[in-house]
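Since the structure comes first, as structure tokens, the remarks are kept for the end.
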Amino acid sequence: MLAVDGVSKRFGGLMAVDSATLSLHPGGIVGLIGPNGAGKTTLFSMISGFVAPTDGRIRFEGTDITAEEPHRRAERGIGRTFQIVQPFAGLTVCENIAVGAYLRHAKRADATAKARDVARRVGLGAELDRPAGRLTVAGRKRLELARALATEPKLLLLDEVLAGLNPSEIRDIIPVIRGIRDEGVTILMIEHVMQAVMNLCERVYVLAQGRMIAEGPPAVVCADTRVIEAYLGHGAADRLKAEGAAHG
Amino acid sequence: MTARDLIPIAVLTLLAALLPLVVTSSPVLNFLVFMLIVALGAQGWNILGGFGGQFSFGHAAFFGTGAYVTAILQLRYGVNAWAGLVLAVAAGAAVGWVIGFLSFRSGLRGSYFALVTLAFAEVFRILANAASFTGGAAGLLIKLDVHPANLQFADRAVFYWLVLALVAAVLLLTRWIQRSRFGAQLVAVRENEDAAKALGVNSLTVKLRAIALSGGVTALSGCLYAQYFLYIDANIAYGSWISVELLLAPIIGGVGTVFGPVVGALTLHGLGEVAKQFAGRIPGIDLIVFGGVLVLAVAFARGGILGLLERLRDRGRGMVTRGPKEVSHAGR
């Protein structure tokens, strides 16, 4: 469904993403993990069209979309959330979500109905008439999710929707994400909360210093020497193994 | 749109339409017509600036285009005044689209966009002042020929009703924008352009539509100005005074609201007239009042007069529902 092929992004002297390759099949949840500054969000921005790649191609359902504008990609069915939440602060929750719903519903009544429906699904049903600027952090994360969902995406890019939430809020939102997957939406999520990654993702990609260094089921990837070293530094894998042997 | 959206517009328009039956003095009618022409232009500004968040400092570019197009078409080409009015609106929309295309496509926002619009208006003013085609510094005098077919009326009240009808039509247009997909997308672009794009909003198209509509409505007010006073020159039609008036009225009345520009124009010009009555010997006293009102609005009424009224109403009601709202305020 999505094929990212050798995509790079250079910001001046910094190679933020260095020929990363990633491919997604319809259905399921795939994770994108990696240490801070690895280039995960930049890669997301290239998939959703906010940043133009310096090199490489991106195809969605067989069509080359590398040069397409963000709104065209949204029309094709690529939805995204922002790591730093971007609510329309002056509008109510319902109006916020309706902007997304208007993509596929031209009439106000239809768009509003869709918005209410989506709000209920992500647990914002009680806050429809609240100004978005007055939501809690957890509420704003849900709003990001709701707006993207309202565009009825085929592929949903979630950029750290769990960051900043407390454990009970995370517990509440995980079933919501699973529910979205069960309706047939393919999900690619950037996430630091490993408990959630282990729980949700069938497969993860690991990005470190702009390079894709590993790919596979979460349990396998987490045991991968290169992944451990990317997070904890050179030699960390050996030290861990030695410690493990000593304690064992 | 529902009946609840339309009734306030209908009631206020009808009440305003009854005024000339009570008030027959010419200076008062003159004042009302001028005030409504400013309100109409301000409504145009409000579509782009209020709903779209693109603050223009140069709406004189559209006001002047409306005025000059109708005057030149009548004087040089003998075009009928009503046809001139329609063409003036089209010209205003076209100028809006071109200015929008040039500035939005290069990603100009905020103060940069404001400065570019100001520059366009000034260029137009200088050109109109220099070219003989536009009458140069002497300006253009539309021939006095009182006949409804020439958009000139013997009775000031008729012109008043005409301008009022157009103001009401734009109130309806604005209400429609507020309730439509286009309006929702326009407001989304104002609030957060990147988030809007991610939701499939083509921000360039939306902004271009807004500036074309805005330019058309403001050109309409310029055209009516020329038709009522029958004289324009570059400093009137393209002068920065009108740019300032057109953005002050919505800011005072309530930016991004349906009635804001009309309330603002009425307040500003009403206070200006009162000040002139009491201190007529001080030149520019009305401008001092404008400045004072602006300072008050910015300091104490961010949403303009309508925003202030809404807050007072909420406070009145708030006795019952205050609890949870106050908590969330404190939490921020």
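Within every chain, numbering begins at 1; the chains are lettered A, B, ... in the order of the sequence lines, protein sequences first and strands thereafter.
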Checklist line | Best-contacting candidate, Pro153(A), Ala106(A), Ala111(A), Ala74(A), against chain B by heavy atom pairs under 4.5 angstrom | finding: Ala106(A)
Check: Any side-chain heavy atom of Leu271(B) within less than 4.5 Å of one from Phe290(B)?
Finding: no
Check: If you tally heavy-atom pairs under 4.5 Å against chain A, which of Ser203(B), Ala184(B), Ala198(B) wins?
Finding: Ala198(B)
Next item on the list: For residues Glu191(B) and Pro87(A), determine if any side-chain heavy atom of one lies less than 4.5 Å from a side-chain heavy atom of the other.
Entry: no
Check: Hey, is Glu152(A) close enough to Lys114(A) for a salt bridge, meaning N to O under 4.0 Å?
Finding: yes
Item checked: Thr151(A), part contacting chain B, at a heavy-atom distance under 4.5 Å -> side chain
Check: Within a reach of under 6.0 Å around CZ of Arg181(A), are more than 12 heavy atoms found that belong to other residues, nucleotides or ligands?
Finding: yes
Check: Which atoms of Phe88(A) come close to chain B, meaning under 4.5 Å heavy atom to heavy atom: side chain ones, backbone ones, both, or neither?
Finding: both
Item checked: Which portion of Tyr102(A) sits near chain B, non-hydrogen atoms under 4.5 angstrom -> both
Next item on the list: Give the minimum heavy-atom separation between Glu144(A) and Gln86(A), together with the two atoms involved.
Entry: OE2-N, 2.8 Å
